[in-house]
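Notes follow the structure.
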Amino acid sequence: MSEEQHKAEHRSRPDSPAFRAFVAADWAPRRAGTTEPSPVTPYAAQRRAAVSAAFPGERLVIPAGGLKVRSNDCDYVFRPHSAFAHLTGLGADREPDAVLVLEPIEGGGHEAVLFFRPLAGRDTEEFFGDSRYGEFWVGARPSLADLEAELGLTARHIDEFKDAVAKDAGHIGIRIVRDADRDLTADLDEVRADVRETDEASESAAQAEADEELARFLSVMRMVKDEWEVEEMRKAVNATAVGFEAVIADLPEAVARGRGERWVEGVFGLHARHQGNGVGYDSICASGDHANTLHWIKNTGDVKDGDLILLDAGVEVDSLFTADITRTLPVGGEFSEAQRKVYDAVHAAADAGMAAVKPGNKFSDVHDAAIRVIAEHLHEWGLLPEGVDVEATLDKETGQYHRRWMVHGTSHHLGIDVHDCALARREEYMDAELKPGMILTVEPGLYFKADDLLVPEEMRGIGVRIEDDVLVTEDGHENLSAGMPRSSADVEAWIARVQQR
């Protein structure tokens with residue numbers, strides 16, 4: 001359910017019968033023609049079939065979520081819940097307050113029913129008088145027939161949802177993705193409580209656990225991408241490369257303007273919005289020592305000639321699949337000796353991590369391979385404590401000294417969420433085998449803060465991360481972002497080539 005907006009008392013709209021009749025009259029007929037099926041439709045149907053097989057005989061409720069108020073009567077741009085998007089194929093800004101219900105049918109399987117707010121007639125109050133949903137204000141929505149044709153499922157008006165979901169509640173198991181719409185979940189909890197034989201807290205807890213099992217299943221099933229999802233990821237990566245090159249071309253302007261991190265953020269955001277739906281997450285545009293703050297999204301700093309700028313950004317395409325790529329760029333076009341030393345160490349670690357991406361290896365093997373190279377360089381540079389060698393720091397119980405300079409993991413799953421499949425258990429994620437169709441990041445880094453007195457002075461203030469988006473294939477891997485140069489020499493040549501256009 002959408003959050004309630006503040007309604008200003010000082011605003012009013014004409015509401016006389018004569019005015020309403022005037023507004024409703026003399027419009028051209030709606031567009032003719034039939035809505036074409038979406039290319040994702042057969043893939044979404046296969047995903048729903050997998051969910052149906054996992055939860056036979058139960059009613060499954062997957063909300064899109066509602067509009068969130070930004071301020072007063074202004075909403076944030078709507079983004080449907082990822083599980084809803086994955087199972088319907090609806091992406092950018094599609095159908096707030098909609099709910100997908102997988103309704104069990106006699107003989108097995110489920111019917112997919114999408115409850116949503118369809119296009120209202122021009123003779124309704126909504127058409128002109130509702131600034132949040134009315135066609136006059138936000139444009140036309142699809143009709144029931146449009147959505148059925150587009151998605152290949154049954155569509156019903158959202159007003160029918162409450163009765164449909166409560167039907168036979170005492171005789172059928174009902175699960176809901178709880179975090180997709182907390183108000184809707186609270187309403188359904190009341191329905192389920194009304195039909196329980198007891199009010200014991202244990203029954204309520206068991207129901208919540210069953211709901212979480214559904215959410216976890218929907219999260220984990222996104223680990224292996226189908227061919228349609230892989231192509232969407234290719235689009236996202238290619239769009240991101242366009243954004244990076246636009247930033248490189250405009251680096252001199254970012255230096256000259258002042259507050260250059262904001263300039264970089266804006267340039268990338270422009271191309272993200274043009275190439276796709278927008279950015280997949282808040283861009284990290286971290287120049288100089290800001291690169292050593294891992295989640296630097298303030299982007300308030302200057303970009304200075306001679307510094308490095310770490311750009312961690314990704315374009316989210318209209319299907320909501322997002323890239324997640326990092327390049328660390330010398331603002332002036334060439335690395336200093338110290339910058340190159342750190343960069344080349346991270347590049348070697350990235351190559352080692354990439355080599356570990358292949359079927360049969362565990363997800364954690366990628367990090368282990370990359371972090372060993374990081375540890376070797378830190379030991380070679382004399383940064384580890386006295387008496388601590390590479391094997392000692394890699395010991396997970398008594399070591400980990402290298403994490404002062406490489407604190408994060410090397411990889412995460414990537415897809416419709418930037419940190420995809422986040423509800424998976426450890427054995428389903430870190431300890432699981434890599435399989436063809438998985439897409440993950442490989443992103444080691446080294447972060448030497450300006451005030452870190454253990455680091456040689458010439459290295460202080462240098463932060464480097466290299467991140468690529470990698471598809472597991474039948475015989476190894478494919479670096480989807482390989483078209484964006486990675487080695488220090490290639491990055492320098494890339495900057496020179498782009499800026500000479």
Side-chain angles (χ1 to χ4, degrees), residues 241 244 247-248 251 284 286-292 294 303-312 325-357 366-384 389-390 393-394 401-411 441-450 452 454-470 477 479 481-499:
F244 268 76
V247 167
I248 290 171
L251 278 177
I284 298 171
S287 186
D289 192 43
H290 286 165
N292 297 308
L294 297 181
V303 174
K304 299 177 181 178
D305 199 2
D307 279 349
L308 300 179
I309 183 167
L310 186 157
L311 177 58
D312 184 335
I325 297 169
T326 306
R327 291 294 183 265
T328 307
L329 309 166
V331 175
E334 295 183 357
F335 293 95
S336 70
E337 182 178 348
Q339 290 168 348
R340 191 184 305 276
K341 181 178 180 179
V342 177
Y343 188 96
D344 288 348
V346 174
H347 182 231
D351 282 350
M354 193 93 68
V357 180
V366 180
H367 177 74
D368 291 346
I371 207 66
R372 175 171 288 278
V373 175
I374 292 292
E376 289 171 350
H377 280 84
L378 292 173
H379 181 258
E380 178 186 337
W381 296 339
L383 296 184
L384 298 178
D389 60 13
V390 171
T393 193
L394 292 177
Y401 297 97
H402 55 274
R403 294 190 66 172
R404 177 169 176 144
W405 302 289
M406 168 55 181
V407 63
H408 58 80
T410 302
S411 296
T441 64
V442 177
E443 50 175 311
L446 278 171
Y447 311 96
F448 298 133
K449 292 181 179 291
D452 189 341
L454 291 185
V455 175
E457 187 173 356
E458 67 273 12
M459 287 185 178
R460 294 175 195 167
I462 296 176
V464 173
R465 180 163 65 253
I466 304 170
E467 178 179 18
D468 288 280
D469 300 345
V470 186
H477 67 266
N479 181 5
S481 47
M484 300 171 65
R486 299 171 65 251
S487 73
S488 56
D490 287 346
V491 166
E492 290 175 332
W494 186 29
I495 294 171
R497 184 171 65 253
V498 170
Q499 292 185 348

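It should be emphasised that the depicted structure is a prediction, and the values quoted were computed from it without experimental measurement. The first residue of the sequence shown is numbered 1, and numbering continues consecutively from there.
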Can you confirm whether Leu251 sits close enough to Ile309 that some side-chain heavy atom of one is under 4.5 Å from a side-chain heavy atom of the other? yes
Would you say Glu337 and Glu458 make side-chain contact, with heavy atoms under 4.5 Å? no
From CA spacing to verdict: side chain to side chain contact (heavy atoms under 4.5 Å, CB included), Arg404, Leu454: CA-CA 10 Å; Arg404 177 169 176 144; Leu454 291 185; 3.2 Å; yes
Donor-acceptor contact present, side-chain His477 to main-chain Val470, <3.5 Å: no
Would you say the side-chain atoms of Arg460 pair up with the backbone N or O of Asp452, donor to acceptor, closer than 3.5 Å? yes
Would you find a donor on one side and an acceptor on the other, under 3.5 Å apart, between the side chain of Asp289 and the backbone of Lys449? no
Check whether any side-chain heavy atom of Lys304 lies under 4.5 Å from a side-chain heavy atom of Val331, and answer yes or no. no
Checking Thr393 against His379 for the side chain to side chain contact (heavy atoms under 4.5 Å, CB included) test, could you report, in this order, the C-alpha distance in whole Å, the side-chain angles of both residues, the deciding distance, and whether it holds? CA-CA 9 Å; Thr393 193; His379 181 258; over 6 Å; no
How are the rings of Tyr343 and Phe335 set relative to one another: parallel (under 30°), tilted (30 to 60°) or perpendicular (over 60°)? tilted
For residues Arg497 and Pro485, report the shortest heavy-atom separation together with the two atoms involved. NH2-CG, 4.3 Å
Here the side chain to side chain donor-acceptor pair (under 3.5 Å) pairs for residues 326-335, sequence neighbours left out, are Asp312-Thr326, Thr326-Glu467, Arg327-Asp468
Side chain proximity check, Asp389 to Leu384, heavy atoms < 4.5 angstrom: no
Where the side chain of Arg486 meets the backbone of His347, is there a donor-acceptor pair that is under 3.5 Å apart? no
Main-chain N/O of Val464 paired to Gln339 side chain as donor or acceptor, under 3.5 Å: no
Evaluation steps, side chain to side chain contact (heavy atoms under 4.5 Å, CB included), between Trp494 and Phe244: CA-CA 11 Å; Trp494 186 29; Phe244 268 76; 4.2 Å; yes
When every non-hydrogen atom of Pro444 is compared with those of Ala370, the smallest separation belongs to CB-CB, 4.4 Å
Using side chain to side chain contact (heavy atoms under 4.5 Å, CB included), reason through Ile284 and His290 one step at a time and then give a plain yes or no. CA-CA 9 Å; Ile284 298 171; His290 286 165; over 6 Å; no
